[in-house]
Amino acid sequence: ISRFRSLERLNLANNQLAAAPSIRYTNPISGDTAIKLVYLHNNQISQLPASWYNPNLITQVIDLKNNKLASIPTFQNYPEIRRLDLTGNM
């Protein structure tokens with residue numbers, strides 16, 4: 001996924017994924033993470049990779065509902081977050 005430098009929306013919902021992808025996608029001009037919308041609902045994700053705890057200046061929507069997350073990050077390093085859905089997790 002990291003080779004898609006202009007990727008703004010990542011939708012991997014309903015795929016029975018056990019792990020979330022690492023967010024190391026950057027805008028080649030600004031260096032900021034380029035993905036604005038992340039949809040990972042209805043999977044089997046139990047934890048988020050360490051890269052999700054790094055500052056993210058672009059992402060606005062994260063949908064992680066109906067997964068198996070036992071620990072939820074604060075997402076305080078995501079100043080542009082507008083919608084965060086974590087319902088239906090452990």
Side-chain angles (χ1 to χ4, degrees):
I1 295 173
S2 61
R3 66 180 170 207
F4 301 110
R5 298 206 181 263
S6 62
L7 184 67
E8 290 188 359
R9 179 184 312 200
L10 177 64
N11 187 343
L12 293 173
N14 304 308
N15 280 295
Q16 298 182 10
L17 297 176
S22 179
I23 295 184
R24 285 184 287 192
Y25 322 104
T26 56
N27 180 311
I29 296 169
S30 68
D32 293 334
T33 302
I35 297 177
K36 293 180 182 179
L37 312 167
V38 179
Y39 300 100
L40 293 169
H41 55 279
N42 301 326
N43 282 296
Q44 304 293 317
I45 299 168
S46 60
Q47 63 182 9
L48 298 174
S51 64
W52 281 65
Y53 296 87
N54 295 333
N56 179 317
L57 303 177
I58 299 295
T59 302
Q60 298 172 354
V61 173
I62 298 175
D63 188 340
L64 282 164
K65 71 178 168 262
N66 299 325
N67 277 287
K68 296 184 176 192
L69 293 172
S71 173
I72 307 294
T74 64
F75 292 99
Q76 64 188 14
N77 290 330
Y78 289 65
E80 295 299 317
I81 198 80
R82 300 291 179 255
R83 192 178 116 220
L84 175 63
D85 193 341
L86 298 168
T87 58
N89 283 283
M90 300 175 91

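Since the structure is predicted, the reported quantities are computational estimates derived from the model, not experimental observations.
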(request) Check Asn89 against Lys68 and note the closest heavy-atom contact, atom names and distance. (result) OD1-N, 3.4 Å
(request) Please round to the nearest 0.5 Å and tell me the distance separating atom OG of Ser46 and atom CG of Asn67. (result) 9.0 Å
(request) For a side-chain contact (heavy atoms from CB on, under 4.5 Å) with Leu12, tell me which candidate from Ile45, Val38, Leu40 qualifies. (result) Leu40
(request) Could you grab the distance from atom CD of Glu80 to atom OG1 of Thr59, nearest 0.5 Å is fine? (result) 10.0 Å
(request) Output the rest of the hydrophobic cluster of Tyr39: all Ile, Leu, Val, Met, Phe, Trp and Tyr residues reachable through side-chain heavy-atom contacts under 4.5 Å, sorted by chain and number. (result) Leu37, Val61
(message) Nearest 0.5 angstrom please: Asn43 CG to Leu64 CG, how far?
(response) 9.0 Å
(request) For Leu84, check side chain to side chain contact (heavy atoms under 4.5 Å, CB included) against everything at least two apart and list the hits. (result) Ile62, Phe75, Ile81, Leu86
(request) Write out all pairs satisfying side chain to side chain donor-acceptor pair (under 3.5 Å) with one or both partners inside residues 8-17, taking only residues at least two apart or from two chains. (result) Asn14-Asn42
(request) Using side chain to side chain contact (heavy atoms under 4.5 Å, CB included) as the criterion, list what pairs up with Pro49, not counting sequence neighbours. (result) Ala20, Ser51, Trp52
(request) Sequence neighbours left out, what pairs pass ring pair (Phe, Tyr, Trp, His ring centres under 6.0 Å) with at least one residue falling in residues 53-74? (result) none
(message) Surrounding CD of Gln60 (heavy atoms of other residues, nucleotides or ligands, distance under 6.0 Å), is the total greater than 12?
(response) yes
(message) Give me each pair satisfying salt bridge (Lys or Arg N to Asp or Glu O under 4.0 Å) with a member in residues 54-64, each pair once, sequence neighbours excluded.
(response) Asp63-Lys65, Asp63-Arg83
